[in-house]
Amino acid sequence: MNPEEPIHKKPGTSKAALATTLATGAVAVAVAGAMVMGILERLTPTPPVQVEVLRSALPDGARFQDRSDPLPHFPGIDGNGEEIGAVILTDELAPSVQGYLGQVGTAVGLTPDGRIAAVRPFRHKETPYYMEMVITSGLLDEIAGIDMAKPFPDLDAVSGATITSRALIEDVRLSAARAAQALYSIQVPEPEARQRGPVPFWKESLLAVTLLLSFTAGFLGNGWFKRYGMGLLTLAVVGLILNTPLTLSAISRILQTNLPGTGNWALLLLVLYILISSPFQGRAYCRHVCPFGTLQVLLHRLSPMQVRVPSGVNVWLPAIKRAFAVLLICIGIWGGMGGFTEIEPFFSLFSFNLTPLLWMMVIFVLAVSIFWRRFWCNTLCPTGTLLALYCRATRHGKGKRDETIQESAEEI
């Protein structure tokens, strides 16, 4: 080609570039908005607990008083003026037990004989999808009726919402034990004896080893282990064993300064991995760690017929993805971060807890992925969009253009 010959861009390329630039600016504004909302939320005083919450924890209470001695509690008074028990709020008592993204504030009703009347989670930063799984699982009914004068039963965590459910159980147990002793002088067996953690240590250790292997493989050639072994390993560990993929819900809450609690080492390890690997390896998380991305690639490789996406479509994908991410972030900001929790399919898919609508969505995405490589990743994934922009801002050396991983030579 003559170096002086003008380069003619394909029709629509300049418009797509302009749309991508505008969408990028909108993402930056949305992210800044989420951070500002988080700061304002922390500066806003915690509203007083509503009577409906107290009554749900102690159903026979007609009215409630507010006392702080010997610890913060709400004595419940029945219609005859008799005190029938008390309600405690676990997030007002120490020690605090951290859930997926902070402490699960739960109202716990306690009768004078030391029995738990009922429990109701009401103030928390957990992913609404996880909390809905806990509420509908029947776990709250299992807690109701427990006698604190006897050893606290070792309740099973809710499959697919292990961190949230285990944190709720442990927080209720410790708070109820403390309140039973302080309010009603009940001798609680080993009140400080802690049950097993939200996630077994061996699972957290397995995740740490997996992420270390992934980071190491990022500096190796494009061999079999990097292309297939890491994908299968992370699909099993991050997806099936832990079900802790990074999602827009978690990212948005982190942007709002709701950092993962120490009870959620799995998410902390994933965030640490992304912060360390992205400046050197780009979207290594998307290529080698994300279980849903791996599942799409495996289906695509088994397909006898594969579709090559036209370049005219590819140039518009970055703008579409970023606009979609902006929409979901805005919905999350104004809807209490719960408006988009079921948009990303990994939560329900790897916990095998899908609604009919989610079944339809997951089946559609995976079916299209058979022919279109990483269909979800390269067309809509809002988490991947935010990670791509982070990589562009932090990655050193070559390969800063990291918006699409569709044709990456490093992909499994």
[X] (side chain) donor-acceptor with [Y] (main chain) under 3.5 angstrom:
X	Y	value
S137	V134	yes
K15	W316	no
R287	Q281	yes
R55	G61	yes

Should we count CD of Q187 as having more than 12 external heavy atoms under 6.0 Å?
-> no
Would you find more than 12 non-hydrogen atoms of other residues, nucleotides or ligands less than 6.0 Å from Q65 atom CD?
->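 More than 12 within 6.0 Å, yes.
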Flag the pair E92 and R123 as a salt bridge only when some basic side-chain nitrogen lies within less than 4.0 angstrom of an acidic carboxylate oxygen.
-> yes
May I ask you to say whether E170 pairs ionically with R173, meaning some side-chain N is under 4.0 Å from a carboxylate O?
-> yes
Side chain proximity check, [X] to [Y], heavy atoms < 4.5 angstrom:
X	Y	answer
L387	S278	no
L235	L298	yes
V368	W376	no

Using salt bridge (Lys or Arg N to Asp or Glu O under 4.0 Å) as the criterion, list what pairs up with R67, not counting sequence neighbours.
-> E83
List for me each residue that meets side chain to side chain contact (heavy atoms under 4.5 Å, CB included) alongside [X], sequence neighbours excluded, and say none if there are none.
X	answer
T106	T90, V104, V108, V119, P121, L168, V172
P151	P189
L22	L18
P70	H73, A182, L183

Nearest 0.5 Å please: distance from the CG atom of L317 over to the SG atom of C377.
->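 Going from CG on L317 over to SG on C377, the span is 12.0 Å.
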Residues in ring-ring contact (aromatic ring centres under 6.0 Å, His included) with F215, at least two apart?
->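 F215 satisfies ring-ring contact (aromatic ring centres under 6.0 Å, His included) with F219 once adjacent residues are dropped.
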